[in-house]
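See structure below.
Side-chain atoms are counted along with the backbone in the values below, which use heavy atoms only and exclude waters and symmetry mates. Proteins come first, then strands; the chains are lettered A, B, ... in the order of their sequence lines, and each starts at number 1. Just so we're clear, the structure is a prediction, and the values are computed from it rather than from any experiment.
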There are 2 protein chains.
Amino acid sequence: MKKNYLEKNKPEHLIKDAKVLVEKYPKVPLTVDCVIFGFEENKLKVLVIKSDLEYYKEHYSLLGDIVKDNEELDEAAYRILKERTGMNDVFLDQVRAFSHPNRHPGGRVITVAYCSLLNINHHQLKIHDNDLNWHSLSDLAEMAFDHKEIVDGCYAWLQKRIQEHPLGFNLLPVKFSLRELQNLYEAILAVSLDRRNFRKKFASMDLLIDIDEMEQDVPHRPGKLYKFNFEKYEKSKRKWIGIDF
Amino acid sequence: MKKNYLEKNKPEHLIKDAKVLVEKYPKVPLTVDCVIFGFEENKLKVLVIKSDLEYYKEHYSLLGDIVKDNEELDEAAYRILKERTGMNDVFLDQVRAFSHPNRHPGGRVITVAYCSLLNINHHQLKIHDNDLNWHSLSDLAEMAFDHKEIVDGCYAWLQKRIQEHPLGFNLLPVKFSLRELQNLYEAILAVSLDRRNFRKKFASMDLLIDIDEMEQDVPHRPGKLYKFNFEKYEKSKRKWIGIDF
DNA sequence: CTTTACTATGTAAAAGTTACACATTATCTG
DNA sequence: CAGATAATGTGTAACTTTTACATAGTAAAG
């Protein structure tokens with residue numbers, strides 16, 4: 001963005017050729033890693049693959065790839081997600097960059113983490129592709145590189161994010177019961193919530209559409225099914241003001 | 001983080017030499033830009049310098065520099081801040097990366113934005129250094145590169161952040177009045193708040209220490225002075241659970 | 001037809017938020 | 001030194017939100 005500090009202390013003059021300047025900049029390999037959360041059997045899962053590196057043989061790693069020349073980071077993230085899962089209609093948010101000099105055994109590589117949520121049952125995985133699989137978040141112990149740290153960072157980010165945005169609806173079928181919704185929140189936030197208060201909360205937000213259908217094939221009294229009112233949410237996104245710490 | 005997609009479709013085998021792999025990765029110039037907010041005369045300001053590039057002659061730009069070999073991004077941000085302002089005891093948070101391919105006229109440069117808040121009166125600026133100065137946020141129209149976009153992004157981030165963390169105390173003198181505190185919040189959040197409710201809110205948080213001194217040299221009834229209880233805040237950081245969107 | 005395992009719902013108490021007005025106290029001015 | 005000015009400091013009632021908690025209903029399975 002600017003000449004470096006040593007250069008800066010020379011007598012002032014403007015730099016005429018920005019290209020020449022940038023050519024002198026040091027360069028680093030840059031990758032994107034996707035932390036894809038999914039939800040199944042009331043558990044939060046993360047999409048992982050076996051690492052390609054002998055160094056990390058049998059360790060899991062995230063879906064990642066280099067950023068191409070002239071590719072935006074967002075683009076790279078969507079590309080990777082699409083290449084690996086076939087999906088292209090998913091929220092994908094930049095979380096942050098990880099830059100520890102020794103995070104990659106091959107030398108310095110900086111990575112930018114992206115986070116997403118998707119519905120496991122809506123997306124068929126190419127299972128044989130490097131042992132791609134949904135791994136339960138709670139017993140994801142060791143991972144290749146600093147990927148465990150990245151997952152932890154994204155999980156914390158997700159917990160916060162889901163309290164402010166209805167990301168969770170990506171994890172549910174189009175029609176879902178309130179119980180399914182609550183299970184989702186309980187799994188992601190790792191808390192248990194009072195059912196009556198949970199329902200009241202969502203009822204008061206008025207973002208669920210009662211579609212007048214019931215659950216099928218459940219071994220107990222079926223619950224009502226709802227849809228999420230995406231349109232209304234888009235219109236009424238609140239900008240909150242409140243100081244709380 | 002992984003071999004790219006074309007390579008991936010070759011028959012499976014593990015990569016023995018991670019170094020060789022990384023050497024093949026494309027590399028990009030990477031910079032850090034610091035968005036330093038300060039507060040003076042009840043206005044929020046940003047620290048800017050004149051751009052070095054003839055291309056952006058007379059435009060302001062952020063404090064930025066390349067990331068050195070084997071330097072962490074956080075380190076780079078703290079280094080830049082220290083080099084330019086002399087400060088090294090400030091919160092500095094990564095906001096996000098900006099990667100538009102044409103954001104720099106010299107070719108592709110990716111930058112990671114960091115955001116900070118500091119007390120203008122506590123830090124003497126090297127004024128002749130590239131016309132470094134505090135520029136009022138509200139009339140910062142054009143900037144070099146995509147720096148206006150970066151500032152806007154960081155400002156939005158800051159507004160949110162300051163509602164959850166007491167960052168604002170960095171902008172105030174050690175001893176401050178409640179009015180000063182309120183002015184700060186009003187300036188950053190761009191709202192006006194009820195004085196009684198504001199005071200009640202902070203009183204209930206119990207994070208202010210009444211130091212039993214009064215303002216001096218004010219042309220009206222002086223207010224009480226307080227200190228922020230950093231220690232107590234550290235102990236009681238709340239982890240909130242609440243769904244709201 | 002009884003058990004099981006859920007769904008569905010209401011209410012009272014507590015906590016937090018909002019809106020609002022008046023007395024007080026330094027300083028400044030004439 | 002009296003009055004005007006420009007702040008500080010405080011309390012309360014209405015409202016909203018959150019929390020805690022218990023009972024009745026229904027489909028399926030045996």
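Contact of the L225(A) side chain with the M214(A) side chain is not registered, since no non-hydrogen atoms from C-beta on lie closer than 4.5 Å.
Nucleotide dT27(C) holds its C1' atom 13 Å from the CD atom of Q216(B), rounded to whole Å. Distance, W240(B) CH2 to dG16(C) C1': 16 Å, rounded to whole Å. Rounded to a whole Å, the CD atom of E213(B) is 17 Å from the C1' atom of dT8(D). A straight line from CD of E215(A) to P of dA28(D) spans 12 Å, rounded to a whole angstrom. One atom, CZ of F198(B), and another, C1' of dT8(D), lie 14 Å apart when rounded to the nearest Å.
Which of dT17(C), dG25(D), dT25(C) sits closest to the side chain of R221(B) comes down to dT25(C). When distances are taken from the side chain of R196(B) to each of dA6(D), dA21(C), dC21(D), the shortest belongs to dA21(C).
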**Derivation and outcome, side-chain contact (heavy atoms from CB on, under 4.5 Å), residues V46(A) and L140(A)** = CA-CA 9 Å; V46(A) 194; L140(A) 192 64; 4.2 Å; yes

**Request:** Report the C-alpha separation of K160(B) and E164(A) in whole Å, then their side-chain angles, then the decisive distance to 0.1 Å, and conclude whether the salt bridge (Lys or Arg N to Asp or Glu O under 4.0 Å) test is met.
**Result:** CA-CA 12 Å; K160(B) 190 162 172 205; E164(A) 296 165 7; 2.5 Å; yes

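Only one option out of Y155(A), F145(A), F98(A) pairs with I150(A) in a side chain to side chain contact (heavy atoms under 4.5 Å, CB included); it is F98(A).
Across the interface with DNA chain C, nearest-nucleotide mapping of M214(B) and N197(A) shows N197(A) to be the residue nearer the 5′ end. For the pair I243(B) and Y226(B), nearest-nucleotide mapping onto DNA chain D gives the more 5' position to Y226(B).
At the phosphate of dT17(D), neither OP1 nor OP2 sits under 4.0 Å from any side-chain N or O atom of K201(A).
Contacts of K200(A) with the nucleic acid, taken as non-hydrogen atoms under 4.0 Å apart, include base atoms. At a threshold of 4.0 angstrom between heavy atoms, the contacts of R195(B) include nucleobase atoms, whether or not backbone atoms are also involved.
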